[in-house]
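All remarks here apply to the structure that follows.
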Amino acid sequence: MPELPEVETVVRGLRPAMERHRIVSVRLARPDLRFPFPDNFSDILTGARITSLSRRAKYALADLDNGWVLIMHLGMSGSFRVQDTSAETQPGQFHHERSKDTLHDHVRFDMETGTQVIYNDPRRFGYMSVVERRALEQHKLFSGIGVEPLGNALSADYLAARFNGKQVPMKAALLDQRIIAGLGNIYVCEALWRARISPRRKAASLVRRDGRPTQRLHALVDAVRSVLGDAIEAGGSSLRDYVHADGSLGYFQHAFSVYDREGEPCPRQTCSGVIHRIVQSGRSTYYCPVCQR
DNA sequence: CGCATCCCCTGCCTGC
DNA sequence: TGCAGGCAGGGGATGC
């Protein structure tokens, strides 16, 4: 599920349970997710206080008071839920009484408050690690990563420099985390629709011969920002009931304009097109061939 | 180097 | 109702 807006919403949802609180123990149901947990994982986390939770690209980061950072990536199917131990839940519940919902609980953080933060991930494409704060930017996961799409570093000039000469389709260029970090399949489709740009167009075609951005590239930057901003807003507005009755985090309803709407009419008022689905780099792209050129 | 393809894993939906 | 096949919002590894 999670792209940047979902991770941002997860981080906000986890703050009350984790920020400023100490982790008293960590339980791992298995030695790995996508990658093995590092050997020192539990040692670093046990007894540490989380000073702040933040997001970088699609990573959730927990700064610890011992100088380390907990890195969490939710992959395709990762989610968190928060639950109190006081009520019906038994302390040992993590390792037995596995229902359909708890089958893929892989990590449990026990907070000093008595709250449990549980990571569930059926497909196990997510992963966690720990790194010293001062080494974070040099860490393999972050050293080659692109700009934050909602930060000042994303501009038409920046994209013109990165797209210049690129023969890949727009879809692939926007999914490339080395250029912009945090966009995923859904929001790339949505941003291209808003900017009226075909996902099949070559990235370089939005750069002028003198290397300056075209008007359409300016429009694309605006579209990326607005699509993500709207999605975060939708997540935020659902945040008040964001921790559901079962404590689950991470999902909120958001209407998409083209994603998963193959065969439906293009929602643009003045457009008579129909949404098409094509496959690009092995993944579904949805777009309107009439208004996206 | 850039780019395409395959792969990791489980669950869910479709069609036969 | 069972079962095969396709698909899923992540990205890493490999080979050209």
Side-chain angles (χ1 to χ4, degrees), chain A residues 1-10 29-37 55-60 71-80 98-107 119-129 139-146 149 161-193 199-204 224 227-228 230-232 234-235 248-263 276-287:
Chain A
M1 293 267 194
E3 296 185 31
L4 184 153
E6 289 76 18
V7 177
E8 178 65 33
T9 306
V10 165
R30 50 180 300 132
D32 57 0
L33 292 171
R34 174 165 192 171
F35 306 116
F37 291 98
R55 177 195 58 74
R56 167 79 170 104
K58 297 172 193 169
Y59 295 91
I71 302 171
M72 298 172 279
H73 194 291
L74 285 74
M76 290 271 267
S77 57
S79 66
F80 283 95
R98 295 223 145 181
S99 71
K100 185 163 167 290
D101 293 329
T102 62
L103 177 63
H104 298 293
D105 288 354
H106 304 308
V107 183
Y119 179 70
N120 181 286
D121 188 353
R123 293 176 75 178
R124 300 203 307 274
F125 288 172
Y127 45 94
M128 294 189 190
S129 193
H139 192 276
K140 196 172 137 191
L141 294 170
F142 295 93
S143 58
I145 211 170
R162 298 300 300 264
F163 285 178
N164 201 3
K166 264 204 177 301
Q167 293 308 300
V168 287
M170 285 304 314
K171 172 76 182 308
L174 289 177
L175 274 178
D176 189 338
Q177 303 296 298
R178 297 168 301 181
I179 300 175
I180 301 177
L183 289 182
N185 205 36
I186 290 181
Y187 295 110
V188 165
C189 293
E190 296 295 307
L192 286 170
W193 179 79
R200 315 168 68 148
R201 174 182 278 277
K202 304 268 188 256
V224 165
V227 155
L228 296 179
D230 288 353
I232 289 174
S248 64
L249 290 172
Y251 304 123
F252 52 88
Q253 296 302 315
H254 190 58
F256 303 122
S257 297
V258 288
Y259 185 82
D260 204 20
R261 290 187 178 276
E262 183 181 19
H276 279 226
R277 172 184 176 271
I278 60 173
V279 175
Q280 294 180 292
S281 7
R283 308 184 71 186
S284 289
T285 298
Y286 298 88
Y287 76 113

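Please read all numbers here as calculations on a predicted model, not as lab measurements. Residue numbering restarts at 1 for every chain, and letters A, B, ... go by the order of the sequence lines.
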(message) Under 3.5 Å for both pairing distances: what stems, at least three Watson-Crick or G-U pairs long, include DNA chain B?
(response) B:2-8 with C:10-16, B:10-16 with C:2-8
(message) For A/Arg34, give me all partners under side-chain contact (heavy atoms from CB on, under 4.5 Å), at least two apart in sequence or on another chain.
(response) A/Tyr127
(request) Output all residues satisfying salt bridge (charged side-chain N to carboxylate O under 4.0 Å, His left out) with A/Arg200, sequence neighbours left out; order by chain, then residue number. (result) none
(message) With a 4.0 Å limit, can you tell me whether A/Lys58 has a side-chain N or O closer than that to the phosphate oxygens OP1/OP2 of C/dG11?
(response) yes
Between N or O atoms, less than 3.5 Å apart, protein on one side and nucleotides 3-7 of chain C on the other: list the pairs.
none

(message) Side chain of A/Leu141 only, heavy atoms from C-beta on: which candidate in C/dG11, C/dG12, C/dG9 is closest?
(response) C/dG12
(request) Only counting residues at least two apart or in another chain, list the ones meeting side-chain contact (heavy atoms from CB on, under 4.5 Å) with A/Ser129. (result) A/Pro38
(message) Using a distance-only criterion (donor-acceptor N/O pair, under 3.5 Å, no hydrogens), is the base of C/dA8 paired with the side chain of A/Arg123?
(response) yes
(message) For C/dG9 and A/Tyr259 - does any side-chain N or O of the residue sit under 4.0 Å from the phosphate oxygens OP1/OP2?
(response) yes
(request) Mind calculating the distance between CZ (A/Phe142) and P (C/dG11) to the nearest angstrom? (result) 12 Å
(message) Without decimals, in angstroms, what is the distance between A/Asn185 CG and C/dG10 C1'?
(response) 10 Å
(message) Among residues at least two apart in sequence or on other chains, which ones pass ring pair (Phe, Tyr, Trp, His ring centres under 6.0 Å) with A/Tyr287?
(response) none
(request) Calculate the interatomic distance between A/Arg55 atom CZ and C/dG10 atom P; express it in whole Å. (result) 14 Å
(request) Please report the closest heavy-atom contact between A/Ser77 and A/Pro122, naming both atoms and the distance. (result) O-CD, 3.4 Å
(request) Please determine, for the side chain of A/Leu103, which listed nucleotide (C/dG12, B/dG11, C/dG10) has the closest atom? (result) B/dG11
(request) Grab the CZ-C1' distance between A/Arg30 and B/dC8 for me, whole Å please. (result) 12 Å
(request) Quickly work out the A/Phe125 CZ to C/dG12 P distance and round it to whole Å. (result) 12 Å
(request) Kindly write out the residues that satisfy side-chain contact (heavy atoms from CB on, under 4.5 Å) with A/Arg30, not counting sequence neighbours, or none if the list is empty. (result) A/Asp32, A/His106, A/Arg124
(message) I'd like to know whether the aromatic ring centres of A/Phe256 and A/Tyr286 sit less than 6.0 Å apart in this structure.
(response) no
(message) Can you list, in residue-number order, the parts of residues 167-184 of chain A that come under 4.0 Å of DNA chain C, counting heavy atoms only?
(response) A/Gln177, A/Gly184
Which pairs, protein N/O on one side and nucleotides 13-16 of chain C N/O on the other, fall under 3.5 Å?
none

(request) Take the protein atom NZ of A/Lys166 and the nucleotide atom C1' of B/dG2, then report the distance between them rounded to whole Å. (result) 7 Å
(message) Run the side-chain contact (heavy atoms from CB on, under 4.5 Å) test against A/Lys166 and tell me which residues pass, sequence neighbours left out.
(response) A/Val168, A/Ile179, A/Ala203
(request) Go through the structure and list residues passing ring pair (Phe, Tyr, Trp, His ring centres under 6.0 Å) with A/Phe125, not counting sequence neighbours. (result) none
(request) Among the candidates B/dT10, B/dT5, C/dG10, find the nucleotide nearest to the side-chain atoms of A/Glu3. (result) C/dG10
(message) I need the CE-P distance between A/Met76 and C/dG11, as an integer number of Å.
(response) 10 Å
(request) Using a 4.5 Å cut-off on heavy atoms from C-beta on, say whether the side chain of A/Ile232 contacts that of A/Leu4. (result) yes
(request) Indicate whether OP1 or OP2 belonging to B/dG11 is found under 4.0 Å from a side-chain N or O atom of A/His104. (result) yes
(request) Mind checking ring pair (Phe, Tyr, Trp, His ring centres under 6.0 Å) for A/Phe163 and listing every partner two or more places apart, or none if nothing turns up? (result) none
(request) Please state whether the phosphate of B/dT10, meaning OP1 or OP2, lies under 4.0 angstrom from any side-chain nitrogen or oxygen of A/Arg124. (result) yes
